[in-house]
Amino acid sequence: MEREALLELARETASNAYCPYSRFHVGTALVAGDQVFVGVNIESTSYGLTLCAERSAISAAITAQAGPITQIAIACIDVPPQAPLHERMPCGACRQWLADLAPNATIYIDGTERDFQISDLLPFAFSL
Ligand code: THU
C-alpha cells in the first residue's frame, strides 16, 4: 500500500481513539498479508491499563492470522506540525511489540518523511 494512503488511514482512525484522560488521539494503520488493520489508543480509569494504538492494531492483525506485518503507519493527530519528532514516536512497550510481532515492517510516522525499521527504534532488542 502507498505510504501516504496508509498514513491518511491512520490519521482518520485516530479520531476514534478513546482518550478522555489525555485527549491525545493516536491512530495506527498496518498492512498484514494482503489485509489492512487499524487501531486506536484506548484509555482506562486505571491509567496504567491504557492500550496504545500500535498494540491495538497489531492485536487485530494477530487475531485475524493475517500474515506478516509489512508496513505500519502511526499518527498522533493532536501534535502540532512544528512539534519535535519525539512527540509522535511509539512508546517503549510498543517498540517491544513491534520487535516481537512486526520485525520486518517499515514504520511510517506521520509528520516526518523518514521511514524506520524497528532496529532503528529499538536496537539490541530483547528476544527469546
Ligand atoms: N499512546 C499511544 O497510543 N501510542 C504510543 O506509542 C504512545 C502513547 C497513547 C497512550 C495514551 O492514551 C496517550 O497516547 C498519551 O500517552
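Here the structure is a predicted model, which means the values were calculated and not measured. One-based numbering, in listed order, for ligands and for the atoms of each.
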- Item | Derivation and outcome, side chain to side chain contact (heavy atoms under 4.5 Å, CB included), residues Thr112 and Arg88 | CA-CA 9 Å; Thr112 179; Arg88 314 156 196 280; 5.6 Å; no

- Query: Should Leu122 and Leu30 be counted in the same cluster of Ile, Leu, Val, Met, Phe, Trp and Tyr side chains packed under 4.5 Å apart?
  - Reply: yes

- Heavy-atom closest pair, residues Pro90 and Ile74: CG-CD1, 3.7 Å

- List the atom of Ile72, the atom of Ala105, and the distance in Å for their closest heavy-atom pair. CG2-CB, 4.2 Å

- Message: Test your reading of the structure: does Cys94 have an N or O sitting under 3.5 Å from an N or O of ligand 1?
- Response: no

- Message: Below the 3.5 angstrom mark, is there an N/O of Asn41, backbone or side chain, next to an N/O of ligand 1?
- Response: yes

- Item | Cys19 to ligand 1, any heavy atom closer than 4.0 Å | no

- Item | Charged N-O contact under 4.0 Å between Glu43 and Arg23 | no

Protein heavy-atom partner closest to [atom] - residue, atom, separation in Å:
atom: atom 10 (C) of ligand 1; result: Thr50 CG2, 3.8 Å
atom: atom 16 (O) of ligand 1; result: Phe24 CD2, 4.7 Å
atom: atom 4 (N) of ligand 1; result: Glu54 OE1, 2.8 Å
atom: atom 1 (N) of ligand 1; result: Cys52 SG, 3.7 Å
atom: atom 3 (O) of ligand 1; result: Ala53 N, 3.0 Å

- Query: Which ligand 1 atoms does Glu43 reach within 4.0 Å, using its non-hydrogen atoms?
  - Reply: 11 (C), 12 (O), 13 (C)

- Atoms of ligand 1 close to Pro90 [distance to a heavy atom under 4.0 angstrom, numbered from 1]: 6 (O)

- Query: Mind checking whether Thr28 and Phe37 have side chains closer than 4.5 Å, heavy atoms only?
  - Reply: no

- Task: Before giving the answer on side chain to side chain contact (heavy atoms under 4.5 Å, CB included), spell out for Ser22 and Tyr47 the whole-Å C-alpha distance, their side-chain angles and the decisive distance to 0.1 Å.
- Result: CA-CA 10 Å; Ser22 72; Tyr47 297 159; over 6 Å; no

- Query: Under 4.0 Å from atom 12 (O) of ligand 1, is there any protein heavy atom?
  - Reply: yes

- Filtering Gly39, Cys76, Ser22 for the heavy atom nearest atom 15 (C) of ligand 1 leaves Ser22

- Report, as yes or no, whether the 6.0 Å neighbourhood of atom CD on Glu4 holds more than 12 heavy atoms from other residues, nucleotides or ligands. yes

